Amino acid sequence: MVVYFAPLQGYTHAVYRRAHHEVVGGIDAYYTPFIRWEHGEVRNKDLRDISAEACEGVPTIPQVIARNVDEFCRLCDLLQGMGWKSIDLNMGCPFPMQTGAGRGSGLLPHPDRVRPMLDEIAARRDVLFSVKMRLGLDDANEAMLLQPMLNEARLSHIVLHPRTARQQYKGNTDMAAFETFYEGCRLPLVYNGDMTNAAQIADLQRRFPHLHGVMIGRGLLANPTMLMPEMSETQRKECLLTMHDRLLDNAVRTQNGDQQILNYMHAFWQYQEPFVERKSYKRIMKSGSLRNYTTAAEEFFSC
């Protein structure tokens, strides 16, 4: 099965994606955090993250989030102008700021808004499109209501996270609902949600033998080498150290002052709390200066 690295705003930026690809690897494509149309433009920060220079040599799929076909077309025009040949449409973001504006999972209850986007996808023959989605905004049946439309769409694959947006990341994934969607899906289907070790991928493959692949986000942020269970703890830590040093070097060069550098680096550690000794984790996350941070990090890696 293919393996995709899920996008997480503030975490899977271009520097992180490159570090993981070059140090660890094992990923078929890295999805970028979504870009959106905001105040008549796309943020420069987001454009830099998907620039050819930032993504060169790293298998990358940019993601867009839009409330209607007009926004979607503007974003696709922009990406195609930058040379992108693959684009993902986000219909899965669960955060109220986006769903309240009708973006992400906010699209799922509105087939009348989804249809024009799928028609636009059909017309853009020189781009491969995919869709990342949830079961619904409030109702887990919304994905099933959209399935006949999606089955006829010109999509390379669908990524489904089996929760509603209202759940965000709480509670269990609804595997029964995923199975129902899987059985009726005529397009390559990718599973996303709560993957934390390689054994789970094997279990999914046994249960869903025609599954196209998996998408992993928080699990890989917590353990960047989770797809390499044969690695020793020493090897895992060596990979982590190399990634860390690349990120720290970039932070020192691009961020303004200790606090910005620390915020940047704390994002690297946030999901790794279960894998880091508690005392070390607290020292790293509560470091108030770059000097204290580097001392705490060096002590962790030297153990």
Side-chain angles (χ1 to χ4, degrees), residues 1-8 11-12 26-31 34 61 63 88-96 98-99 104-109 111 114 130-153 155-229 271 274-275:
M1 294 196 296
V2 299
V3 180
Y4 298 120
F5 203 132
L8 283 91
Y11 299 94
T12 60
I27 301 297
D28 291 280
Y30 296 79
Y31 277 51
F34 60 71
I61 298 176
Q63 186 181 81
D88 182 72
L89 171 60
N90 183 316
M91 295 201 303
C93 178
F95 298 116
Q98 296 302 325
T99 60
S105 293
L107 279 173
L108 297 174
V114 176
S130 57
V131 165
K132 185 175 185 298
M133 60 189 293
R134 288 202 170 211
L135 294 174
L137 180 62
D138 294 294
D139 182 353
N141 195 46
E142 288 165 0
M144 288 305 304
L145 294 176
L146 284 176
Q147 191 176 66
M149 186 187 303
L150 294 171
N151 277 339
E152 300 301 322
L155 297 171
S156 61
H157 60 273
I158 296 172
V159 180
L160 178 61
H161 182 120
R163 285 187 175 95
T164 64
R166 295 302 182 213
Q167 286 180 271
Q168 295 200 18
Y169 296 97
K170 299 174 183 176
N172 295 324
T173 53
D174 189 340
M175 296 307 295
F178 182 86
E179 184 168 9
T180 300
F181 192 92
Y182 166 85
E183 290 174 347
C185 187
R186 299 212 300 264
L187 294 169
L189 183 62
V190 175
Y191 175 86
N192 171 230
D194 294 1
M195 303 291 291
T196 58
N197 60 69
Q200 290 173 308
I201 299 176
D203 290 341
L204 273 175
Q205 196 164 23
R206 282 190 290 269
R207 181 171 178 179
F208 306 109
H210 301 297
L211 195 64
H212 179 61
V214 295
M215 174 177 279
I216 309 169
R218 293 173 295 160
L220 280 168
L221 286 171
N223 180 7
T225 61
M226 69 166 279
L227 298 177
M228 287 78 172
Y271 282 97
F275 296 90

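What you see is a predicted model; the values in this text were computed from it and never measured.
Between Ser130 and Asp88, the closest heavy-atom pair is OG-OD1, 2.6 Å. Closest approach of Phe5 and Met215 over heavy atoms only: C-CG, 4.4 Å. Here the closest heavy-atom approach between residue Gln147 and residue Phe181 is recorded as NE2-O, 2.7 Å. Taking every heavy atom of both residues into account, Glu142 and Gly136 meet most closely at OE1-CA, 3.1 Å. In plain terms, the two heavy atoms of Leu137 and Thr164 that are nearest each other are O-CB, 3.6 Å. Minimum interatomic distance between Tyr191 and Pro162 (heavy atoms only, all atoms of both residues): CE1-CG, 3.5 Å.
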>> The test is side chain to side chain contact (heavy atoms under 4.5 Å, CB included); show your working for Thr173 and Gln167 and say whether it passes.
In response: CA-CA 9 Å; Thr173 53; Gln167 286 180 271; over 6 Å; no

>> Let's go through Phe178 and Leu160 carefully: what are the C-alpha distance in whole Å and the side-chain angles of both, what is the deciding distance for side chain to side chain contact (heavy atoms under 4.5 Å, CB included) to 0.1 Å, and is it a yes or a no?
In response: CA-CA 8 Å; Phe178 182 86; Leu160 178 61; 3.7 Å; yes

>> With side chain to side chain contact (heavy atoms under 4.5 Å, CB included) as the criterion, how do Phe208 and Met1 come out once you've worked through the C-alpha distance, each side chain's angles and the decisive distance to 0.1 Å?
In response: CA-CA 11 Å; Phe208 306 109; Met1 294 196 296; over 6 Å; no

>> Test side chain to side chain contact (heavy atoms under 4.5 Å, CB included) on Asn172 and Asp194; report intermediate values, then the result.
In response: CA-CA 9 Å; Asn172 295 324; Asp194 294 1; 5.8 Å; no

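Remark: Arg134 fails to qualify as a cation-pi partner of Phe95 under the 6.0 Å distance and 45° angle criteria applied to the six-membered ring.
The closest side-chain heavy-atom distance from Leu108 to Met91 is below 4.5 Å. The closest side-chain heavy-atom distance from Arg218 to Tyr169 is below 4.5 Å. At a threshold of 4.5 Å between non-hydrogen side-chain atoms, the residues Arg163 and Pro94 do not count as touching. Under the 4.5 Å side-chain criterion, counting only non-hydrogen atoms from C-beta, Leu220 is in contact with Ile27. In this structure the side chain of His157 reaches within 4.5 angstrom of the side chain of Tyr4, judged on heavy atoms. Contact annotation: the side chain of Asp139 never approaches that of Leu145 to less than 4.5 Å [non-hydrogen atoms, C-beta and beyond]. Counting heavy atoms from C-beta outward, Leu107 and Asn90 have side chains that stay 4.5 Å or more apart. Residues Val131 and Leu187 form no side-chain contact, since every pair of their non-hydrogen atoms from C-beta on lies 4.5 Å or further apart.
Separating the CD1 atom in Ile158 from the CG atom in Asn192 is a distance of 13.5 Å, to the nearest 0.5 Å. Atom-to-atom distance recorded for Met133:CE and Leu146:CG is 5.5 Å, nearest 0.5 angstrom. Between atom CZ of residue Arg166 and atom CG of residue Leu135 there is a gap of 14.0 Å, rounded to the nearest 0.5 Å. Ile201 contributes atom CD1, which lies 5.0 Å from atom CG of Leu227 (distance to the nearest 0.5 angstrom). Separation of atoms SG (Cys185) and NE2 (His210) is listed at 12.5 Å; rounding is to 0.5 Å. One finds the NZ atom of Lys132 at 8.5 Å from the OG atom of Ser105 (value rounded to the nearest 0.5 Å).
Of the possible polar contacts, one joining the Asn151 side chain to the Gly184 backbone as a donor-acceptor pair under 3.5 Å is found.
Note on Arg186 versus Glu152: salt bridge recorded, some NZ/NE/NH1/NH2 to OD/OE distance being below 4.0 Å.
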